[in-house]
Number of protein chains: 2
Amino acid sequence: MTTQSRATLADVARLAGVSSKTVSRVFADAGNVSAETRERVLGSAKRLRFRPNNLARNLRRGGVTNTVAFVIGDLTNPFYFTVAAGIERELALHGLTMVLASTDDSPDSEERVVDALLAQRVRALVLIPIADDQSYLDGERQLGTPVVSVDRPARNLIADSVVLQNRVGVAEAVRSLTAIGHRKIGFLSNPAGIYTQRERLAGYRDALREVGVTETAHWERLDDDPSVSAEYSVRSLLALADPPTAIVAGNNRGSAGAVRVLRDLDPPVAFIGFDDFELADALGISVVAYDPIELGRTAARLALGHLADPDSFTTQVEIPTRLIQRGSGEIPPPA
Amino acid sequence: MTTQSRATLADVARLAGVSSKTVSRVFADAGNVSAETRERVLGSAKRLRFRPNNLARNLRRGGVTNTVAFVIGDLTNPFYFTVAAGIERELALHGLTMVLASTDDSPDSEERVVDALLAQRVRALVLIPIADDQSYLDGERQLGTPVVSVDRPARNLIADSVVLQNRVGVAEAVRSLTAIGHRKIGFLSNPAGIYTQRERLAGYRDALREVGVTETAHWERLDDDPSVSAEYSVRSLLALADPPTAIVAGNNRGSAGAVRVLRDLDPPVAFIGFDDFELADALGISVVAYDPIELGRTAARLALGHLADPDSFTTQVEIPTRLIQRGSGEIPPPA
DNA sequence: CTGTTAGCGCGTTCAT
DNA sequence: ATGAACGCGCTAACAG
């Protein structure tokens, strides 16, 4: 197989017997070209397998592309990817494409990955902050590139952000448990150090404080070690001298572990997870749910808004959560 | 907020008192520049918030970028995005980034989406074919752009492909059922029209034919309508005068439905699904599993291989599947 | 180790 | 309705 070289505007123009500008008009403006010339140009283009070069086009137009970057932590996490789906959809409505890059949840690689994307002249940057300082983006922001942080607020950077109603969502869940009499409620969190988990923990404490429970430390299983399984944490709670009658998980990792342990317990232990998951309905698991697609769409909309009006104020959006009762959260404490 | 204009190589060169080529060397070659000059250039660049423009760089270098396109059907499908994760990882190892575009499983939009990506001068194209003709890509392939189809073979196009061991995998699953005495085995498929499902159906028939069962039509639930729920299909099988004693599902959609229906059945009905899923182990569901990450990695490797050696032959790879027994597939037929 | 010249493929700005 | 000249930001190919 021989690899031929690519045809350019000029090649097409030569074959069609017109100037390159006319070909340019056919492929871009679509105006001021006679139908006959147009046909001839398109015919030549097809014969030469011509494809307009967006690199050159964008360069001439001032170095702006039609792509928006999304910097994601871990590509295998369904949550992140569903957010990506939302971003992609919203962008597609506006003729923009998404480039995706992963930091593999490594704070050190964040700046490197982001830099590489900015060098591609993306029009906007949506990111899930992993590092604990995003001040390196300030210059780019001042140059007019919209920056939107998702799931967690950016640190040391003025930027739009879209986060979940973490604290209120968990508080609502815990309140539903205290309302039916629970007072001994466990909380699972791993990794406990990140923003979302800290917020959810705060919500858990809020709701318990409302009913006079302030000593919660022994019911909290806060870890920052992926090797500590959620199953293990649940079992350690149940092994307490005074075990909880209900458990709340800060993420779907915790739910997966809890489901495995709590299924055949007698007396049953109430459970509410954060993040909905496939089959949760079939298993009767109550959860604090939200719309991850909407999270992505909202982030994309904020980016597009800044693109349309560079002088607009930065915005913080909270995506609502809602408690979905499916049984496991409605189990009362043993009499 | 005022948006300043972006600094260029020349701006940095002027401030540093060197030629633009020297600045270029600092940011690209990283060779043949004295440490002192280098420092001065980097200092000026920082002050001006200079960021190299990859568009211009790539244009000058012959219009080749560092991006590979992945055209995906439906971003919200966990299978697809896990494949994407594999692609991204493999590409990242080679300094390439992935751009992602979705056809929303609409055959009509495929060519449009692909065209837009090719105009961005991606170095290679990985796609999940949705349309039933990919001949429109032949010109691009002849120009040297590697094309790799994933999950399904491309139609009317010479291209590398990576598919699953669909037929063999399902045959193995069905054989495990016939081995313990099952003869009446149902098969769920929706959408039944696509390549993977047709292959899996063929595997199902293969294995049953081996034990002399050739009349399988009434146990096959083949639909091409998303509104027909898997639950409904399962129930319709169980409602037969002579209901199956085991059921095999062609995808995880079928598994989700089957799990809901089969949980509390007496006598129990054996079940094996295609595609592994979260909590399948906790639920004791046997499945035909494979490594979707590996599917993506392999696709990326094929693309990279063609990039390294444009004259290499096209390759068809089959990713192995394996039967994971977790209980549901080991239930014998009622005596 | 550093600079000069030319041009990647296209669109803009004029002109005709 | 069409064309000529120039330049977007950068790097290849040469000098020196």
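Computed over heavy atoms, backbone and side chain alike; hydrogens, waters and symmetry mates excluded. Letters go in sequence order (proteins before strands), and every chain restarts at 1.
Counting only heavy atoms from C-beta on, A/Val18 has its side chain closest to D/dG3 among D/dG9, D/dG3, C/dG11. Comparing C/dG11, C/dG3, D/dC10 by their nearest atom to the side chain of A/Leu9 picks out C/dG11. With D/dA12, D/dT2, C/dC10 as the choices, the nucleotide that has an atom nearest any side-chain atom of B/Lys21 turns out to be D/dA12. Distances were taken from every side-chain heavy atom of A/Arg25 (C-beta onward) to each of D/dA12, C/dG11, D/dG3; the shortest belongs to D/dG3. Picking from D/dG9, D/dA12, C/dG9 the nucleotide with the shortest atom distance to the side chain of B/Ala56 gives D/dG9.
Contact detail for A/Tyr80 and A/Phe70: the closest heavy-atom pair is O-CE2, 4.0 Å. Listed here is the closest heavy atom pair of A/Leu302 and A/Ser161: CD1-O, 4.1 Å.
A side-chain contact (heavy atoms from CB on, under 4.5 Å) with A/Asp138 holds for exactly one of A/Val147, A/Leu157, A/Leu143, A/Asn156; it is A/Leu157.
Put simply, CG on A/Leu55 is 12 Å from P on C/dG11, counting in whole angstrom units. Atom-to-atom, CG of A/Leu59 to P of C/dG7 comes out at 17 Å; the value is rounded to the nearest Å. We find that CG of A/Asn53 is positioned 18 Å from P of C/dG7, with the value rounded to whole Å. The interatomic distance linking B/Arg60 (CZ) with D/dC8 (C1') rounds to 14 Å, in whole Å. Distance CG (B/Asn58) to C1' (D/dG9): 12 Å, rounded to an integer number of Å. Summarising the geometry, the separation between CG on B/Asn54 and C1' on D/dC8 is reported as 15 Å, rounded to the nearest angstrom. In this structure, the CZ atom of A/Arg51 is 19 Å from the C1' atom of C/dC8, given to the nearest Å.
Ionic pairing of B/Asp115 and A/Arg51 is present here: one or more N-O contacts between side-chain nitrogen and carboxylate oxygen are shorter than 4.0 angstrom.
Here B/Thr37 lies in heavy-atom contact (under 4.0 Å) with sugar-phosphate atoms only.
For the pair A/Ser109 (side chain) and A/Thr103 (backbone), a donor-acceptor distance under 3.5 Å is present.
In this model, the phosphate group of C/dG9 is not approached by any side-chain N or O of A/Thr8 to a distance below 4.0 Å at OP1 or OP2.
For the pair B/Gly17 and B/Arg61, both in contact range of DNA chain C, the more 5′-proximal nearest nucleotide belongs to B/Gly17.
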